[in-house]
Each structure stands twice: as C-alpha cells, then as structure tokens.
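Accompanying notes for the structure given below.
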Number of protein chains: 2
Amino acid sequence: MHSQNLINIIADELPELNKSESKVAHVILADPDRATSSSIAALAKAAGVSEPSVNRFCKRFNAAGFPDFKLKLAKALVSGVRFVNRNVDPGDDVTSYTPKIFDSTINNLAMVRDRISHTRVNQVVDKLIQAKRIYFFGLGASGSVARDAENKFFRFNLPVSFHDDVLMQRMLASTGGTGDVFFFISHTGRTKEVVEVAALAKANGSTVIGLTAPDSPLAVISSVTLDVEVPENTDEYMPMTSRIVHLVILDVLATGVTLRRGPDFLPHLEKIKDSLKSTRYIKET
Amino acid sequence: MHSQNLINIIADELPELNKSESKVAHVILADPDRATSSSIAALAKAAGVSEPSVNRFCKRFNAAGFPDFKLKLAKALVSGVRFVNRNVDPGDDVTSYTPKIFDSTINNLAMVRDRISHTRVNQVVDKLIQAKRIYFFGLGASGSVARDAENKFFRFNLPVSFHDDVLMQRMLASTGGTGDVFFFISHTGRTKEVVEVAALAKANGSTVIGLTAPDSPLAVISSVTLDVEVPENTDEYMPMTSRIVHLVILDVLATGVTLRRGPDFLPHLEKIKDSLKSTRYIKET
DNA sequence: CATCTTTATGAAATTTTCTTACAAAAGAGG
DNA sequence: CCTCTTTTGTAAGAAAATTTCATAAAGATG
C-alpha cells in the first residue's frame, strides 16, 4: 500500500483520539494550511489546550516534535489537499473551472492508485498473456476507452479488436471459447446489454474481464474484476472521470504485459514505432 | 505562469548571490531534504557562515524567516520529487510499475494544469459556442480522444462528429466553410496527413483548432492552438500520457461550453442522462 | 463507594532555536 | 587614502518548543 496522506491519517484516527488530542485534530483539519504557519502556542490556544498537548499530539503521529510535524503537514498539503474535490459552480470562469477539473481528475487517479488491487492486476495480466484473442468491449464513453485499448494492445502481435456495436459484441461473444479474453469496460457495470453479452461470453467458456464498478452486475459475473471506485457524479458540471481512470489502468495492464514478455520483445515494439516515422514531418532541433 | 519551484529559483539566482549567501545556497541545493530538517545553527555551520547570514538568505527568497523558509523548501521538494521521472524498469513487478504509471500520468496532468493558457481555453470555448458544426479529427490513439469528444459534445444539441478515417477527414475538410469548426487532436502535431487536412480546412474558411504540441506544424497552422507540452517518451515501458491530458482538456472545454450556455441548458442535459436510465439494472441501496 | 491505579492534562522551568541590533570588516568610488 | 556602502559576524534578546513534574480526571478493584 502506498504511503497515506497525513491529513487522511489524522482524519482516520479521529475516533481513537482522546479529548485534547481530538481538539487539536479538529483545528488542524479545519485549516491545515494555517496550522503549518502557526506556532505551537497559537495552535494550542486555538484548540483550547496546552502546548504540551499539541506536542504530544505531534509525536503520536510519528513526528519528532511540533516543527517536524508542521513540515510533514506542509508536504501532505502539497501532494494531497491541493487536489481536493472542488465542485464547479455556475458562476465559475475559466481560471476557476480549469484547475478544478484537473484537480478532480488527479484526485481520482491518486485514489485509485492507492486502492487498486495489485493481485488483480497481476491476474488480469496473466489472462492477457495467455489469451489467443482479446476483445475490448465498451459502449458510449467506454467505447472510446475500448478503442484506445485496441490501439495499445495491437502492438503485442496477437489478434485484438474493439467493438462498440452491441450486435457485433453479441455475435463475437457467442462464437468465442477457451483461450479468448473478453474485456468489458463499463463505468456503472449495470448496462443491461453489456452484462448480457458478458454472460454470453462466460457461458461459452471464454475468460471475462470486467473493468468496472465494484459489486456491480458486471463485476459479479466476470472471471476477474478490476474494481474502480470513482465517486458518483454529484456535480452537474463536473465531467465523468472514470474513463480516464480506466485508460490509465489499461496503460498499467499493457505495461505489465510488455514486462512479462521480456526484453526480447522490445525490438518488435521499436519496429512499430519506426513504422510511423515516415508519416511525420521531421522535427528540426 | 504558475509559481516556480523554490529549488529552481535558488539555482537561477545563484550568480546574483554574494559570498556567504552563495555558500548557503550550495549547501541547501546539495541536500535540500536535509536542509528542511536542520536548525539554523546546523545549516550555518555546514555552510561556514553565521546564523544571521542564513536568516538573511531566507528573507531574500521571500520567506518570513528560517522556519518559514524550511516550510517552503519542503513543499517545493514534494512537488519536485513528483515530477522526477520514475521510469519503469525491466525488473519491476506490479507493485512497482502500477504506482509509477499513475504518478507519471498525475504529474503530467499537474504540469499541464499549471501551464495551460486560460485565455486560449476561453478562445476555443468561444469558437465552439459559435460553431454551426463541429468535427473532431484524430488518428491512432488520438482517434479515441476524438471519439470521446464526440460523445461529450453530442449533448450540446449541435451537429458533432468524429472521424479517424483520413479520406473522410479530407472530404469533410474540403466541403466545410465559415461556421464550421474542425478540431484536430494530435500528440506530435507532425503527422503529415493531419497537417494537410488541417490546411485544407483552413483554406476553405473553416475554423481550425489544434490540441497538440506547441510550435508543431499543426500548431502553427491552426486558428487557435491549445498547447500541450508533455515530456518526450524517454522510457520504453512508460505509456504515452498525452492522450489522457487531451481528454481532460476536452472535459474542460465541454464544461466551459456548458457554463456559457447557462442554467437554462441543464434540463436538456438531464434529459439525456435520463434517457440512459432504462438501459441499466437498477442499483439497490 | 472508597481506594488504588492508570491515564490525561497543564503550569512552569528549561532548553533550543531564531531574530534583531549593532559593530566590524570588506569593498567601491572618488 | 579617505568616505560611503555593502557585507558579514558577534552577542544579546526574543520567541518557540520541549521536558519535567504536579495535579486532575477517569477507570479499575475489592
């Protein structure tokens, strides 16, 4: 597991803290940025506790003392809270909504990075390595993700295709069998068509992989599921970011496959890269 | 431009510093991490100068004093370390390469967030709002981005389409005219076909928007360019992250258009959302 | 429910760290 | 070589943080 953010650690520990520690925690969580520039005396006063209590609080969270704690807090602020979810408001102008959308995306990526199951990733890489054929299926926005996956996995020198057409998906699912991997991408994991096709593929003995929401019908039916828990879209204006998380996970899978293939495979990748060179204007440097 | 990293600022100022300030700078740059956990006395000794000299040094760089300086340095270190390319090594296992790929993506997003021109974003939103038709064009991996964009902009109730077929692109570009927006997505901005089609569209009086690398042939030819500077792919194993940055920028643009349309437009978006409900299994909560 | 034990908390003293005031040294300009 | 400016350090003082210790609160035990 990745190192957790100090702010989250404090928030998590909140119920375990005693009275004065809890007071300190609340003051810090309320305005962590301010806390980093306060003296121990100021913070103690704000929390209504004594200075040694603040000091003990710091040591409880593995800091050498108050200054060290402030340092750690400042670092945590840079990496974490900076990317806090801030909703887009109707009155926002470019300078407001642009960073908000970036931050929200970054935030979701950071969350999934810390939560994704490495075991599952490994299992999926296994399946992909062993596959005789790979089909990437998705509808709507997930169709684009599937298309991108095709483009990526095409390089591995095995039959890959993507389909965003339900009838095609259905036909292929029914003709597949052992050795075929059907990779389903779905934000909700509840689209009836998708679940039905996945069931069909599974019934025919194919391997079904689901990149989707945990505990969804698609997740339940899949041979291996890569759970992606991205918060519900609470804001009317905030775009859906699960697509992006899905894309990055496919990057991870592709990297996993490349690494498994070993260094002998690199020349092949080089060859594909080179094949594109002639299509481009040369960059003068 | 966003605030520059403190470490870089110090390095840049190096020639302007006087003797003792320069000594302090060298010690800090040699091991900034250590500096954040030193006392002013320790640092002064390490640099071979007096404590007030260190203090003056800090104030020169807009810190309130030494502790404040350490805080700022610590923050700079965090954002700096994140931008360090942690390449995927051939020997990496899942637990290593997974966070590396996420981090690399996050870093690129954070970089573009800080560098993207809000003025340009606004200009593009203007063009999109005024457009009678919008075409999203891309090849290869950028084709998926274009497809995603179509899916997104379709909701705005105006004729949008995406094309990843060069011949189709060419035909459409030649038939377009005033009021038509051709939106080109390209990682390098140097693919000959793409640049030619863009030139064709421009020659026919259409608006050409380029989401691409700065100073590339495509960027030069476009009516408005959204520059995306994503570091070159140095690592064989590290996937290309510009696609993802492009997607997020399209999210930003779509949000910009939605906000411009104003609150009267929201019911329309709701209607589209609702139309998908019947295709899904209901979530029991 | 009284008493003992443990734990939690703060006052005060101590120590460490930082800042300021001022003076000495170094350098620039005439 | 003097004067003025800039740079640097010494030493004093101020501020901040930590430790010690005493007391209060909470909990356990008979």
Side-chain angles (χ1 to χ4, degrees), chain A residues 6 9-77, chain B residues 6 9-77:
Chain A
L6 180 57
I9 295 175
I10 296 175
D12 287 351
E13 285 279 301
L14 216 47
E16 317 295 326
L17 300 177
N18 57 41
K19 223 187 296 175
S20 58
E21 281 174 337
S22 156
K23 281 187 205 165
V24 176
H26 277 106
V27 172
I28 290 172
L29 292 177
D31 191 349
D33 203 50
R34 184 200 178 88
T36 60
S37 54
S38 306
S39 70
I40 193 169
L43 196 68
K45 199 178 163 199
V49 299
S50 70
E51 299 183 25
S53 288
V54 176
N55 191 271
R56 280 187 288 262
F57 175 90
C58 298
K59 286 183 173 166
R60 190 186 207 292
F61 289 97
N62 298 314
F66 183 69
D68 185 47
F69 177 84
K70 283 200 291 189
L71 226 63
K72 293 199 159 103
L73 189 64
K75 286 181 180 174
L77 278 173
Chain B
L6 179 58
I9 295 175
I10 296 174
D12 286 352
E13 285 278 299
L14 216 47
E16 318 293 327
L17 300 177
N18 57 40
K19 222 187 298 175
S20 58
E21 282 173 337
S22 157
K23 281 186 204 166
V24 176
H26 277 105
V27 172
I28 290 173
L29 291 177
D31 192 349
D33 204 49
R34 185 200 175 87
T36 60
S37 54
S38 307
S39 70
I40 194 168
L43 196 68
K45 200 178 163 199
V49 300
S50 69
E51 298 182 23
S53 288
V54 176
N55 192 274
R56 281 188 287 260
F57 175 90
C58 297
K59 288 184 172 164
R60 192 186 205 291
F61 289 98
N62 299 313
F66 183 69
D68 184 47
F69 177 85
K70 282 199 291 189
L71 223 66
K72 293 196 159 107
L73 189 64
K75 285 181 181 174
L77 276 175

Just do the side chain to side chain contact (heavy atoms under 4.5 Å, CB included) check on B:Glu13 and B:Arg60 with the steps written out, would you? CA-CA 10 Å; B:Glu13 285 278 299; B:Arg60 192 186 205 291; 2.9 Å; yes
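- Contact annotation: the side chain of B:Phe61 never approaches that of B:Lys72 to less than 4.5 Å [non-hydrogen atoms, C-beta and beyond].
- Which of C:dC18, D:dT10, D:dT8 sits closest to the side chain of B:Ser53 comes down to D:dT8.
- At a threshold of 4.5 Å between non-hydrogen side-chain atoms, the residues B:Ile28 and B:Phe57 count as touching.
- Taking atom CD1 of A:Ile40 as the reference point, atom C1' of C:dT15 lies 14 Å away to the nearest angstrom.
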Taking only nitrogen or oxygen atoms into account, show me every contact under 3.5 Å that the protein makes with nucleotides 22-25 of chain C, one pair per line with its distance.
none

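- One can place CG of B:Leu43 at 12 Å from P of C:dT19, the figure rounded to the nearest angstrom.
- Looking at B:Arg34 and B:Val27, their side chains never come closer than 4.5 Å, going by heavy atoms from C-beta outward.
- Taking the side chain of B:Pro67 as heavy atoms from C-beta on, and the options D:dA11, C:dC18, C:dG10, the nearest nucleotide is C:dC18.
- Put simply, CZ on A:Phe57 is 16 Å from C1' on C:dT9, counting in whole angstrom units.
- Here A:Val54 lies out of heavy-atom contact (under 4.0 Å) with every strand.
- A close approach under 4.0 Å does occur between a side-chain nitrogen or oxygen of B:Ser20 and OP1 or OP2 of D:dT8.
- A donor-acceptor pair under 3.5 Å is formed between the side chain of B:Lys70 and the backbone N or O of B:Ser38.
- Within the 4.0 Å cut-off from OP1 or OP2 of C:dT20, at least one side-chain nitrogen or oxygen of B:Lys59 is found.
- At a threshold of 4.5 Å between non-hydrogen side-chain atoms, the residues A:Leu17 and A:Val24 do not count as touching.
- Counting only heavy atoms from C-beta on, B:Glu51 has its side chain closest to C:dC18 among D:dA17, D:dT10, C:dC18.
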The test is side chain to side chain contact (heavy atoms under 4.5 Å, CB included); show your working for A:Val54 and A:Phe69 and say whether it passes. CA-CA 10 Å; A:Val54 176; A:Phe69 177 84; over 6 Å; no
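- In this entry the distance linking NZ of A:Lys19 with P of D:dG27 reads 9 Å, nearest Å.
- With rounding to whole Å, A:Phe66 atom CZ is found 14 Å from C:dC18 atom P.
- In this model, the phosphate group of C:dT7 is not approached by any side-chain N or O of A:Asn18 to a distance below 4.0 Å at OP1 or OP2.
- At least one side-chain nitrogen or oxygen of A:Lys70 sits closer than 4.0 Å to the OP1 or OP2 atom of D:dA17.
- Rounding to whole angstrom units, NZ of residue B:Lys45 and C1' of D:dG9 are separated by 17 Å.
- Between B:Glu16 atom CD and D:dT7 atom P there is a gap of 12 Å when expressed in whole angstrom units.
- In terms of position along DNA chain C, the nucleotide closest to A:Val49 lies nearer the 5' end than the nucleotide closest to the other residue of the pair B:Pro52 and A:Val49.
- Atom NZ of B:Lys23 is separated from atom P of D:dT7 by 15 Å (rounded to the nearest Å).
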